[in-house]
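Let me begin by presenting the structure, written as structure tokens, before commenting on it.
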Amino acid sequence: MPHSLALPSSAQLVAAPGGLEFLEIRSAQAQARIYVQGAHVQSFQPTSQAEAVLFHSQKSFYEVGRAIRGGVPLIFPWFGPHPSRPELPAHGLVRTRNWQLDSVQEQQDGTVIVEWSARDDEETREQWKYEYLLRYQVTIGQELTMSLEVENRSSSAFVYEEALHTYLRVSDARNAMVRGLRGTEYLDKVEAMARKTEHAQEIAIEAETDRIYLDTEATCWIDDPSFSRTLEIAKTGSQTSVLWNPWIKKAAALADFEDNEWTRMICIETANAAENAILLEPGARHKMSAIVRVHPLHA
Ligand code: TA6
């Protein structure tokens, strides 16, 4: 990482054990940590909150080339397992590769704007032949805004999937309720991608839950009575929302997840996946954003 980059006093680059590096943000508005590997927002806690807004696992690996468990992994250009090459990593190419830190700017009100970029190289083209430029802007204040822009730098069109795979911190997933998806069709990954319609106004997490909601621009909400707060996950440029909680058995099978940590997280992922994959013409760009806000309960 070029250490010539001018950083505001609220930001510092830290070399972590295991060979990773992260940007530590401590401003009047919030604390956050973004790893250079994957431009991975690993933590976010606005000063208004006694509890973190994002979840990260106490057993996460922080090693070069291994995905961090929690925060907001960046998924591109495929979602889930690679469609034809099982030897390739799940959730695409970019969450375990270093991104370039392009700028860190603090606004008058203490909001910090961090800009990252990543582009193809010989290694990525071996796995996915296209040329691309990704620009990722993270705005850290009392709310968290993440914007991922994809530019097609190839001479031909390409189709890609993407996700901001956001792990929200909840007091207990068994007591939290998810709103905003009523009437939406989804693919149920727990039942071999069966196509269903969401009928619940309030979705309770009562078992392993892994649903790809399609053709939805809806804002989602998590009501968390024990933390006396409602988390709002708004979005732009996204037609897919993914709801995931591994529950007991799946969590126990994950080496980078403590057995009981599944109770402290719910993923609401801002995405374009499955039939909502994006077709991008040469030279074209597409931007997807997620905005995470914290409100008093049910506000
Ligand atoms: O977004 C939900 C999901 O696709 C689940 O099926 C589960 O695999 C989760 O992502 C975590 O994936 P990861 O590769 O980070 O373990």
Side-chain angles (χ1 to χ4, degrees), residues 20 35 37-43 54-83 85-97 127-128 146 148 160-170 173 178 181 184 186-196 198 203 205 207-214 216 220 222 233 235 238-259 261-277 288 290 292:
L20 298 185
Y35 277 78
Q37 178 176 276
H40 192 130
V41 180
Q42 179 256 8
S43 62
L54 299 182
F55 164 88
H56 62 269
S57 171
Q58 296 307 309
K59 283 184 73 178
S60 178
F61 300 108
Y62 290 95
E63 296 167 12
V64 173
R66 294 197 76 159
I68 294 168
R69 176 68 63 191
V72 187
L74 292 184
I75 313 301
F76 173 86
W78 63 83
F79 183 86
H82 187 281
R85 293 178 60 182
E87 78 280 8
L88 295 183
H91 284 334
L93 297 168
V94 299
R95 66 171 170 170
T96 55
R97 297 173 63 80
Q127 299 182 36
W128 196 65
M146 298 167 284
L148 177 64
Y160 70 94
E161 295 175 304
E162 58 183 348
L164 300 168
H165 193 297
T166 308
Y167 286 72
L168 286 311
R169 172 78 168 90
V170 294
V178 176
L181 293 165
T184 308
Y186 66 92
L187 304 175
D188 190 343
K189 288 178 74 172
V190 175
E191 290 187 24
M193 303 299 262
R195 186 178 285 264
K196 302 178 180 178
E198 184 55 70
I203 303 168
I205 305 294
E208 181 183 353
T209 306
D210 197 347
R211 303 174 186 174
I212 300 174
Y213 290 87
L214 298 167
T216 174
C220 291
I222 304 177
I233 303 90
K235 63 178 190 173
S238 158
Q239 290 292 321
T240 310
S241 294
V242 180
L243 173 61
W244 180 56
N245 181 283
W247 203 252
I248 302 165
K249 195 168 162 215
K250 186 75 170 278
L254 293 170
D256 57 353
F257 219 117
E258 281 184 347
D259 288 358
E261 279 187 321
W262 61 271
T263 65
R264 298 204 281 273
M265 51 71 66
I266 293 176
C267 279
I268 291 184
E269 303 156 34
T270 302
N272 287 296
E275 54 211 68
N276 294 140
M288 173 178 75
V292 180

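Indexing begins at 1, ligand by ligand and atom by atom, following the structure's order.
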Protein residue, atom and distance nearest to atom 4 (O) of ligand 1, heavy-atom basis: Lys189 NZ, 3.0 Å
Does any N or O of ligand 1 fall below 3.5 Å from an N or O anywhere on Arg69, backbone included? yes
To which protein heavy atom is atom 5 (C) of ligand 1 closest, and what is the distance rounded to 0.1 Å? Asp210 OD2, 3.2 Å
Just to confirm my output: which protein heavy-atom neighbour is closest to atom 3 (C) of ligand 1, and how far is it? His91 NE2, 3.8 Å
By number and element, which atoms of ligand 1 are closer than 4.0 Å to a non-hydrogen atom of Val242? 1 (O)
Side-chain donor-acceptor pairs of residues 88-95 under 3.5 Å, sequence neighbours excluded:
| from | atom 1 | to | atom 2 | distance (Å) |
| --- | --- | --- | --- | --- |
| His91 | ND1 | Gly80 | N | 2.7 |
| Arg95 | NH2 | Ala90 | O | 3.3 |

Can you tell me the protein heavy atom closest to atom 1 (O) of ligand 1 and the distance? Glu269 OE1, 2.7 Å
the protein heavy atom lying closest to atom 14 (O) of ligand 1 turns out to be Arg95 NH2, 2.8 Å
For the residue pair Met265 and Val170, what are the closest heavy atoms and their distance? N-CG2, 3.7 Å
Taking side chain to side chain contact (heavy atoms under 4.5 Å, CB included) as the criterion, tell me which of Glu162, Glu269, His165 meets it with Ile75. His165
Where the side chain of Gln42 meets the backbone of His56, is there a donor-acceptor pair that is under 3.5 Å apart? no
Determine, counting only non-hydrogen atoms of the protein, whether one lies under 4.0 angstrom from atom 8 (O) of ligand 1. no
Tell me if a side-chain donor or acceptor on Gln37 pairs with a main-chain N or O of Arg66 at a distance below 3.5 Å. yes
Regarding Arg69 and Glu261, does a basic nitrogen lie under 4.0 Å from an acidic carboxylate oxygen? no
